[in-house]
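Shown next, in structure tokens, is the structure this report addresses.
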Amino acid sequence: MKTAIDEAYRRIKPHIQRTECRKASELSNDVGGEIVLKLENLQHSGSFKLRGALNKILSLSEEDSQKLLVTASTGNHGGAFVHAVGLFGLQGKLFMPKTAAAVKIENVRASGVPFELIGEDCVEAEAHAAAFARQNGHVWISPYNDIEVVHGQGTIGVELSEQLETIDAVGVPVGGGGLIGGVAGYLKEVNPSIEVIGCQPVNSCVMYESVKAGEILDIESLPTISDATAGGMEKGAITLDL
């Protein structure tokens, strides 16, 4: 996976922010070790999701890039998607669950990219959007269930390995699993001794329970302040195996 992620980094590098690694002094004092934060909140569009969206879109054929690009998101992938299609002057449409945070809906509305609110969670919105794209000959851009998206998210691992002299452990937020699949896939090839820890809210721990069960489970997600990692996975998602 490392080679593919290195290629993804070369592809998207001109269009992303190489985000800072900043020491968290209070956290470091609390644990008696050095804690460093990778500030992807300073990424263009506000989250790491831009990396995956860009790599997928830049990997499309010329023919496919001229079609309507369709995605679904609770917010962060949607923000990345509208940033990317605007950057390259492409056509896009976004589906968001009705429960998406109001501020994220307004950010998408301000972009001018058409969007619809559908379903009560991200799984419903994704299923509807994927079917809409398939039935109408559009191009589906998955938030996580696509190897090009995973490779794009994994470019965080490239930067971490360049920015930090040593890495003992990395904590990675987990929703659909694209980010941890890419970051772990890269860093484990660089140094197998690096511990990668998935961090998921108790109220929406679909991946956690699915890994234990060995199959993707349909588990209800309860309200959580970690809305960007809430929700389930579509059946057959590649991220469970990753």
Side-chain angles (χ1 to χ4, degrees), residues 1-2 5-6 8-9 12-13 16-52 74-77 79-80 101 103 143-144 149-214 217 219 221-233 239-242:
M1 184 178 282
K2 181 179 181 299
I5 292 175
D6 282 330
Y9 192 55
I12 71 173
K13 189 176 181 179
I16 62 170
Q17 177 81 9
R18 182 183 173 93
T19 55
E20 176 187 354
C21 285
R22 183 182 300 175
K23 182 177 179 180
S25 298
E26 291 187 12
L27 289 175
S28 298
N29 292 336
D30 286 344
V31 302
E34 185 172 20
I35 302 293
V36 174
L37 303 178
K38 178 70 165 155
L39 300 184
E40 280 294 293
N41 56 307
L42 302 181
Q43 186 57 258
H44 305 314
S45 85
S47 83
F48 73 90
K49 288 287 191 177
L50 183 61
R51 297 171 182 266
T74 54
N76 285 338
H77 174 71
V103 65
Y144 62 91
V149 172
V150 172
H151 290 159
Q153 319 300 34
T155 60
I156 287 178
V158 179
E159 292 183 3
L160 287 174
S161 65
E162 293 175 350
Q163 291 171 303
L164 302 174
E165 290 187 10
T166 60
I167 303 173
D168 296 314
V170 180
V172 184
V174 178
L179 176 62
I180 195 170
V183 171
Y186 190 88
L187 292 178
K188 285 291 190 177
E189 280 197 55
V190 172
N191 181 357
S193 69
I194 295 174
E195 184 179 13
V196 181
I197 304 166
C199 308
Q200 190 162 52
V202 171
N203 276 7
S204 187
C205 53
V206 180
M207 179 65 85
Y208 175 79
E209 295 295 344
S210 296
V211 168
K212 288 201 300 181
L217 302 178
I219 301 173
S221 292
L222 301 175
T224 169
I225 60 171
S226 186
D227 62 89
T229 58
M233 299 174 286
T239 49
L240 179 65
D241 288 341
L242 289 174

With a 3.5 Å distance limit and no angle check, can you tell me whether [X] reaches the backbone of [Y] through a side-chain donor-acceptor pair?
{"X": "Glu189", "Y": "Met1", "value": "yes"}
{"X": "Thr74", "Y": "Ala228", "value": "no"}
{"X": "Gln200", "Y": "Tyr208", "value": "yes"}
{"X": "Gln17", "Y": "His44", "value": "no"}

Shortest non-hydrogen contact from [X] toward [Y]:
{"X": "Tyr186", "Y": "Ser161", "answer": "CE2-OG, 3.8 Å"}
{"X": "Cys21", "Y": "Leu160", "answer": "SG-CD2, 3.8 Å"}
{"X": "Leu242", "Y": "Gly181", "answer": "CB-CA, 4.4 Å"}
{"X": "Phe48", "Y": "Ile156", "answer": "CB-CD1, 3.6 Å"}
{"X": "Asn191", "Y": "Ser193", "answer": "OD1-OG, 2.7 Å"}
{"X": "Ser47", "Y": "Asn76", "answer": "OG-CB, 3.5 Å"}

Heavy-atom check, side chain of Met207 versus side chain of Leu240, under 4.5 Å: yes

Nearest-0.5 Å distance, [atom1] of residue [X] to [atom2] of residue [Y]:
{"X": "Ile35", "Y": "Glu26", "atom1": "CD1", "atom2": "CD", "answer": "13.0 Å"}
{"X": "Ile219", "Y": "Ser204", "atom1": "CD1", "atom2": "OG", "answer": "8.5 Å"}
{"X": "Thr155", "Y": "Gln153", "atom1": "OG1", "atom2": "CD", "answer": "7.5 Å"}

Please table the atom pairs, donor to acceptor, closer than 3.5 Å between any side-chain atom in residues 162-178 and protein atoms at least two apart or in another chain.
{"residue": "Glu162", "atom": "OE1", "partner": "Arg18", "partner atom": "NH1", "Å": "2.8"}
{"residue": "Glu162", "atom": "OE1", "partner": "Arg18", "partner atom": "NH2", "Å": "3.2"}
{"residue": "Gln163", "atom": "OE1", "partner": "Lys38", "partner atom": "NZ", "Å": "2.9"}
{"residue": "Gln163", "atom": "NE2", "partner": "Thr19", "partner atom": "O", "Å": "2.9"}

Residues Tyr9, Glu159; criterion side-chain hydrogen bond (donor to acceptor under 3.5 Å, both in side chains); working and verdict: CA-CA 9 Å; Tyr9 192 55; Glu159 292 183 3; 3.0 Å; yes

Results of side-chain hydrogen bond (donor to acceptor under 3.5 Å, both in side chains) for Ser226 - residues two or more places apart only: Thr229

For His77, all residues meeting side-chain hydrogen bond (donor to acceptor under 3.5 Å, both in side chains), sequence neighbours excluded: Thr71

Full working for side chain to side chain contact (heavy atoms under 4.5 Å, CB included) between Tyr144 and Met233: CA-CA 9 Å; Tyr144 62 91; Met233 299 174 286; 3.7 Å; yes

Worked check of side chain to side chain contact (heavy atoms under 4.5 Å, CB included) between Ser221 and Val206: CA-CA 8 Å; Ser221 292; Val206 180; 4.2 Å; yes

Candidates Ile16, Leu179, Ile5 - the one meeting side-chain contact (heavy atoms from CB on, under 4.5 Å) with Arg51: Ile16

